[in-house]
Each structure stands twice: as structure tokens, then as C-alpha cells.
Number of protein chains: 2
Amino acid sequence: MDYSASPMLHICNEGDPALFRSILDRVGSKWTVIVIGLLEQRPHRFTELLNAIPGISRRMLTISLRTLERDGLIEREVFAEVPPRVEYRATALGISLSEPVIALATWVADHKAEIAATRATVDAAADSE
Amino acid sequence: MDYSASPMLHICNEGDPALFRSILDRVGSKWTVIVIGLLEQRPHRFTELLNAIPGISRRMLTISLRTLERDGLIEREVFAEVPPRVEYRATALGISLSEPVIALATWVADHKAEIAATRATVDAAADSE
DNA sequence: CTGAATCCTTCGGGATACTG
DNA sequence: CAGTATCCCGAAGGATTCAG
């Protein structure tokens, strides 16, 4: 099919749609945005992140960090110490991602009243059926 | 916790974090972006969308449309005809969402080479273990 | 301390069949 | 035509345990 008529579909599908989707999945994922947000402030250790992110499990933190590292959005540094110490930091690429994410967040902030109102209307109509 | 030190976390968590997440879920969802993209071109009927979106099931199309309608991103119009006809169109709100989504897509397009290269490096390192 | 491995539950989402 | 209802599977993700 031809997406050129829609700028949004065009840019989403030009080149590698799978790559685009994989990044959307990161952004849409529950933890990655907050991990990058924390790491762009300053480097964090594993346990530090674990404590800073309410509700995340060790497993999910590990997976999130590996995925973000694989995409080059964060970096991992291991210190040869006892006890072991590992620091994670955001890369320039990871920090640059915050710009479009902030744009999206800003859109939500700007329209949240509108969205909430529509939901209330739709839900009310559904209830009265 | 205090997110004010990170602009990204701050704006993602000010107001209603759940609302923000729900919108991220839409954007991160497999079908919603393409549905909005098609509807911002022109109104489509249900079956038209079904045929225009390869791989989507009736069930998922229905769910996607309901969700988008609930958020006020698209509109549904039922024509009292035989056979039944239903048209979906993007609302102004839905069309406005394409702007930050395009910003995100543009970021991916701008950095996809970098991401792919990092992945290749990381994967190669993992293989040689 | 920083994970990896395992188990187990939940849930998104596909296939299919039925309805107004 | 435009859905709804049901079944079912695979993947996501939490809890727990083991290891370097």
C-alpha cells in the first residue's frame, strides 16, 4: 500500500518500519522512559535505580537496561571493585531522545483536559445504554 | 519521589501520570498510529480500514477504533441505511497528535543508522562470549 | 552488589463463529 | 456491513531462587 498521502504514515514506514516500531515500543514501554529520565540527570547504580523506580522488579530493570544499552541509549560501566559496582549513564543519543518524548508529553499536557472530557462523555453514554 | 530535576520526568509525571501513560500506550500500540494516519487522509468505513491495514483482525480494529474514539482522537458516524454504513474520521485532536508522533518518527529516521550500528556492535560482542 | 535462571500468572491479541 | 462473543495461545512480566 502507498502511505505517501499521509505524512505520518509516510515517515513511519519509510526505511525500516520494524526499527521504527521497536523504538516506539521503547517509548511505549512502562519503564524505559523513566530509566532514561533518571540517567540523564546523573549516573546511577543498579540498586539505586531499583529503589528510585517504585514497582519495578530486578528482572524488568535488567531487561530494560539491556535493551536500552543495545540501542545505544544508555551506557554500562563496570568497576573492578569489591563489592562490585556498575554504573549506568545516558548517552548523547539517549538524551537526545528526550526531546521528541517531551514533545509528546507536552501534547498530552496541553490536551489532557480535552481527552478527559471526551472520555467522561463517552463513558457516560456507554453507561446509559 | 521528586522528578523536577529531569525535564522529561517532570513533564511526564506532572498532572496525571496515568493519562500520560495511556496516551503513550496508544502511540506504542501496533495499530492506532496507522488508523489515525489513514483517517487523517479521509473518512474510512470499517471494512475499508480492515482491508487497508494488512494483518489487523476485525476484533483488534474494533478495539482500536473504540479506544481512539473514547480518547476523542477519531469520530464515528452511523448512517441509517441498508446495508448499514459507518464512517470513521480523525478529529482535530487526532490530527494534532500526528505532530509529536512525526517528531518522534523523525528522530528515529535521523538516528536509525546509529541505532543499527550500536545493535550490531552489542550483538557481535554478545556472540563472541 | 549485580545480575541470571526458573517458575508461574496474566493478558494482549489471533482465529473462528455468530448477530443486528 | 459492521460488529460481538468465545476460545486459545504465546509473550510480557512479577516472584523467587541461584550465582559471580
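First the proteins, then the strands, lettered A, B, ... as listed; each starts at 1.
- With sequence neighbours excluded, the residues satisfying side-chain contact (heavy atoms from CB on, under 4.5 Å) with Val78(A) are Arg76(A), Val86(A).
- Hydrophobic clustering, with ILVMFWY side chains joined whenever heavy atoms are under 4.5 angstrom apart, keeps Ile95(B) apart from Leu97(B).
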Exercise. Using the side-chain contact (heavy atoms from CB on, under 4.5 Å) rule, take Arg89(A) and Glu77(A) through it: C-alpha gap first, then chi angles, then the decisive distance, then the call.
Key: CA-CA 8 Å; Arg89(A) 71 193 71 237; Glu77(A) 184 176 6; 3.0 Å; yes
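- Results of the side-chain hydrogen bond (donor to acceptor under 3.5 Å, both in side chains) test with Ser6(B) over Arg42(A), Glu40(A), Gln41(A) single out Glu40(A) as the only residue that passes.
- Judged as a side-chain contact (heavy atoms from CB on, under 4.5 Å), and not counting sequence neighbours, the contacts of Asp16(B) are Ala18(B), Leu19(B).
- Across every non-hydrogen atom of Trp31(A) and Ser64(A), the tightest pair is CB-OG, 3.9 Å.
- Where DNA chain C meets chain B (any atom under 4.0 Å from a heavy atom), the bounding nucleotides read 5' to 3' are dG13(C) to dG20(C).
- The salt bridge (Lys or Arg N to Asp or Glu O under 4.0 Å) check on Glu14(A) picks up nothing, with sequence neighbours excluded.
- DNA chain D lies under 4.0 Å from at least one heavy atom of each of the following residues of residues 58-66 of chain A: Arg58(A), Arg59(A), Met60(A).
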Quiz item: Hey, mind stepping through Tyr3(A) and Ile34(B) against side-chain contact (heavy atoms from CB on, under 4.5 Å) and telling me if it holds?
Solution: CA-CA 10 Å; Tyr3(A) 294 114; Ile34(B) 189 173; 3.6 Å; yes
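- Boundaries of the chain A contact region on DNA chain D are dG13(D) to dG20(D), first to last in 5' to 3' order (nucleotide atom under 4.0 Å from a heavy atom).
- Residue Glu48(B) comes nearest to Pro43(B) through the heavy atom pair OE1-O, 4.4 Å, listed as atom of the first residue, atom of the second, then distance.
- Comparing the end axes of the helix from dC1(C)-dG20(D) to dG20(C)-dC1(D), each fitted to five base pairs by superposing C1' atoms of four pairs onto the next four, gives an inter-axis angle of 40° (nearest 10 degrees).
- In this view, Arg45(B) satisfies the salt bridge (Lys or Arg N to Asp or Glu O under 4.0 Å) rule with no residue, not counting sequence neighbours.
- His111(A) is linked by a ring-ring contact (aromatic ring centres under 6.0 Å, His included) to Trp107(A), counting only residues two or more places apart in sequence or in another chain.
- Using a 4.0 Å cut-off on heavy atoms, the residues of residues 76-84 of chain A that approach DNA chain D are Pro84(A), listed by number.
- Each salt bridge (Lys or Arg N to Asp or Glu O under 4.0 Å) pair with one or both residues in residues 57-70 of chain B, not counting sequence neighbours, appears once here: Asp123(A)-Arg70(B).
- Of all non-hydrogen atoms in Ile102(A) and Pro7(B), the two that sit nearest each other are CD1-CB, 4.1 Å.
- In this structure, Phe46(B) and Leu65(B) have side chains that are in contact, with non-hydrogen atoms separated by less than 4.5 Å.
- Applying the salt bridge (Lys or Arg N to Asp or Glu O under 4.0 Å) rule to pairs touching residues 108-120 of chain A yields Arg119(A)-Asp71(B), sequence neighbours excluded.
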